[in-house]
Every structure is written in structure tokens, then in C-alpha cells.
Amino acid sequence: MKVKIEKKSILDINADVTVVNLFEGVKVPSGVTGITDKAYNNIISDFVIKSEKFEGKYGEIYELPLIEQHKKIFITGLGKQSEFSLTKIRDLTAKVVRKCNGSKNINKVVSILHGAGIAGLDPEDCAQMIAQGAISGNYSFDKYKSKKDNKNLKEFIIAEIDDEKYKKAKKGMERGIIIGECLNMARDLINDSSQYIYPETLADFAVKNSGVKTTVYNKKQIKEMGMNAFLAVGQGSVHEPKFIHMEYIPEKKAKKKIAIVGKGITFDAGGLDLKPPSSMLTMRDDMSGAASVIAVMRAVSEIKPDVEVHAIIAACENMPSGSAYKPGDVIISKTGRSIEIDNTDAEGRVTLADALAYAEELKVDEIIDIATLTGACMVALGTVASGIMGNNDKKIKEFIETAEKAGERFWQLPMYEEYGESLKSDIADTKNTGGRMGGASAAGIFLSGFVSKTPWIHLDIAGTAFIDKPNSEGIKNATGIGIRSLIKYITEG
Ligand code: BES
Ligand code: MG
Ligand code: ZN
């Protein structure tokens, strides 16, 4: 499906479906919806609104057939004007696209630029959200199905006749397309099975798709770099671990230098502390952080901000076997800090310990890690918000605000030092875990021991990366959470 914008009246674009909108309670349509109403003999105001078949509630889509033209108008509900937001534009557009793909004979859609009329939102932001929603709404994972999902929609066109709005919207749409496509790329990678996605194939994927210089280190090189903690986690698997470093250096002098670190456990069986079957079922998603940072680099390579960005993945598989690392093992990590393994299922933090240490050696201004780290974070925040922690409250606040604008929710969890009590070890500098209580915060404290002075943010996406029920955007399974916030934070922060 192609997303485009045309500087024309919505009435002059020939399409199978024309999408207009109404706020809740509006009796007399105005703007582009008003023009459309008039062009079709007041059919919206006289028939649809008066019949009370459509109230304009958020997410409502009223399908109005125009018999002669063999075309349709979709009147979409924007809800209450006071509760309207950019996120709603994105989610509504995704819904429209899914509806079109669900009905035969719809190949081309033309849409109003939602939000840029009486709602008074910035046309650039609105178009960006429409493009994102259209592309993300067009997503499905049917790689292994012999009968492919129905995707008849070929063109999604935004109509905007006003010159100034058109120019802004075009820019926003272009950015939205990049973001939407990077998001879908990550979702494909996360949804795929760990039978096919293991450290080597994940690294190949990064080399082919990150759009930037990508270096892959093998087991011998990882050992030479002193990353024993990372190696320990992967030693039970038949698949060799890979350490992946992607780098984007801007042409102009960089305003700042950021490292993003993605948890890359291509499958988390739990190791010798084996997970119960129901918890293991979706553990191919334990590389969601890794997929996110690859997608972010791809977007960065296209957007080209004046920021130097490094993306790091310590990719391995956490499996039980005769060679697996064991509870009670003591490992000397890259920084020299020793770790007593209390539970082999708390493996992500052990790999991140070395990845964070590597990131800090790059002398960056800030480090952000993104990880499906703890079931405890999922218990605390559900699938609604992701956890955020770190050593710099100002940057955490900034990130939360940026994420909000990108349509993603992060909620700060505390890192009081008491959460670290349970990590005290009799034989090493730290244990990797100390029990279930306050688990997300304890994991945050554990990670903080491997970042000495660089401002650092930790994103725990365990509850939000992979979901079994569709969210407000209609996304199920891999969500690609974090990608949009990171892109915005890096390129506009
Ligand atoms: N990958 C899991 C965390 C997870 C849980 C991600 C649910 C997505 C959904 C992580 O490696 C893990 O197993 N954590 C343990 C830690 C515990 C042993 C301290 C957990 O949360 O149970
Ligand atoms: Mg685990
Ligand atoms: Zn894990």
C-alpha cells in the first residue's frame, strides 16, 4: 500500500472510499466534511445525522454507499472535541485501513486531513499520525500462512487543498511513512519464530536492514572484549552468541552522542531455572528491544539527524543444557563487577550488564536501554504502559513527555536503594536477582551497577512488547513499542 498526499479538493480525487469526519454531537458539518455533504445533496446532515444512526463517538465508522458512483463515504467519529488527540488520529486511520482491507473492491481511499480543521492541530503532526496509522493498520503477519491475509488496499491518499497546510502535511506524511515502515519491519522480526531468528540471523538482519554501518562480533571476539556475563547466558545454546554494534555518524558535527541498547534474547526458555510452558510460549519476543534498536537505526539512517547514534545488541539464546550456566555460578563481567547467578531466568540483565559497559566505553552523552526485562513490570503496569527508570530524573521526564507526543506511555518506577537489598551476595559483588517483590525496580538497581557516570535511561517493555489482545491501534502480538518514542527523542529531542 502506498501513502500519498495530493493538493486537491477531496471531491476531485477519484477513490473507492472517501473518508470524512465529525466530532460527537455536531449537527451541521463544517470544513471538508461540510463541503462533501453539500456536494452530495446534504446526505450527511439530512440523512446520517438526523437519522441518529451516527453520533460521532470516537472510533465510529459509518459506511454511506453512493449507489450511482459505486463508491462509498466513510464518516468517522472523532469523539468529543475536548478529548481529541493525535493518537486518536493514528488509531482511527488504522481502523479505517483495516476496514477497507476487510471489504472487497476497495483499492483506493482518499482521506480528509483529520485534526487540521476545527481541531486546530498542526497539519504536520496530523499527517504524520495518519501515515503511521495507515501503514501500521495495513500490517499483518501472514508469512507462514498458505492463504495470505486480504490486503486489497493499494493507495491511501490524503487530500489537502490549502497550500500552507499541504506543505506541512507533506513533510509530516513523509516522516510518518518512515516511522510506520520501520515499526512494521520490527514487528515482522519479533513475530517470527525463534526457530528462524537466532543470534546469527538476527545479526544478518541488522547488517541488511539497519541502514547504517554494522559490525558483528563472534564468540571469540566477545571473549576478548571481556564480556563474560553475556557469554555465560548464551553458553547453553547450540547457537553462537553475536554482539552487534550499529553506528550512525552525521555529516555535520553531532549535537550529541547517544547509545541505545536492546535486549536480544532470541529465545528465553529460562535456562536451568526453566520457565513453565505457559510463560515460555511467547518468549520469542525477548528480542523486542533488539528489534526496536535496529528499526530505530533504520529510521535514523533515513531521517539523518545531527546526532551520533550507536545501537548495541548482545544477542544470545537462554537455554537449559549440559553446558548452560548454573545457579550459583559466579561470573566476572566486563567492568570487573562479579555476579552471582541466583536465577538463570533473570538473564536479560546479565547480558545487559556487559552491553551497558560497552556502551559507556563509547563515551556517549547518554545511554538508553530497552528490554523485555521483568514479569514484575508487566504485573505492575499491565499492557497499558511501559516502565521507565534510570539515574537521571530530568532525562526520564523528558523521555516520558516525548513518548507521550509519539503516542506511547511510559511510567516511572522507583529505584530506592532498599530495592537493592535483596541483590546482596555472600560471594560476589551482586546477585542477579533476589526474589519476586519489587522485581522491576530490583532489576533497575542491578543494571545501574554497570553504568558508572553516563546519564542512563532504562525502559522495561515486558508487558507492552507482545500482547494477545488488540490495543487501541488494533495491534496484536508484536507491537514495536518504544520505536516511535526513541525516534522522536533522538531526532527531535
Ligand atoms: N524475559 C523475561 C521477562 C518477561 C516476562 C518478558 C514476561 C515478557 C513477558 C525475563 O528474562 C525473566 O524471565 N524475568 C524473570 C526474572 C525473575 C527470575 C527474577 C521474571 O520476570 O519472572
Ligand atoms: Mg528470563
Ligand atoms: Zn528474558
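Note that the structure is a prediction, hence the values are computed from the model and not measured. Counting starts at 1 for both ligands and their atoms, in listed order.
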Restricting to N, O or S atoms, which atom of Glu347 is closest to the Mg ion (ligand 2)? OE1
Who's the nearest protein heavy-atom neighbour of atom 19 (C) of ligand 1, and how far? Thr433 OG1, 3.2 Å
Are any of the N/O atoms on Asn343, whether in the backbone or the side chain, positioned under 3.5 angstrom from an N/O atom of ligand 1? no
Options Glu347, Met378, Arg349, Met283, ranked by nearest heavy atom to atom 4 (C) of ligand 1, top entry: Met283
Give me the nearest non-hydrogen protein atom to atom 12 (C) of ligand 1 as residue plus atom name, then the distance to 0.1 Å. Asp345 O, 3.2 Å
If you round to the nearest 0.5 Å, how far is OG1 of Thr454 from CD of Glu366? 10.0 Å
As an exercise, state the distance from OG1 of Thr215 to NZ of Lys242, rounded to the nearest 0.5 Å. 13.0 Å
In the protein, which heavy atom is nearest to atom 10 (C) of ligand 1, and how far is it? Leu373 O, 3.3 Å
Give the atom name of whichever N/O/S atom in Asp268 sits closest to the Zn ion (ligand 3). OD2
Have a look at the Mg ion (ligand 2) and estimate, to 10 degrees, the angle subtended by OD1 (Asp345) and OD2 (Asp268). 100°
Do any of the N/O/S atoms of Glu347, backbone or side chain, fall under 2.8 Å from the Zn ion (ligand 3)? yes
Which atom of Asp286 approaches the Zn ion (ligand 3) most closely (N/O/S): OD2
A quick test of your reading: do over 12 heavy atoms of other residues, nucleotides or ligands sit less than 6.0 Å from OH of Tyr144? yes
Stacked cation flag Lys275 on Phe267, 6.0 angstrom / 45 deg: no
Quiz item: cation-pi between Arg337 and Phe450, 6.0 Å / 45°: yes
At what distance is the nearest protein heavy atom to atom 20 (C) of ligand 1, and which residue and atom is it? Gly375 N, 3.8 Å
Would you call the rings of Phe243 and Tyr217 parallel, tilted or perpendicular if under 30° counts as parallel and over 60° as perpendicular? tilted
Does any N, O or S atom of Gly348, backbone or side chain, fall under 2.8 Å from the Zn ion (ligand 3)? no
Lys/Arg N to Asp/Glu carboxylate O, Glu24 vs Lys57, below 4.0 Å: yes
Quick one: does Asp285 get an N or O within less than 3.5 Å of an N or O on ligand 1? no
Whether the Asn21 and Thr76 side chains hold a donor-acceptor pair (N or O, under 3.5 Å, no angle test) is what I'd like checked. no
Can a non-hydrogen atom of Arg436 be found less than 4.0 Å from any atom of ligand 1? no
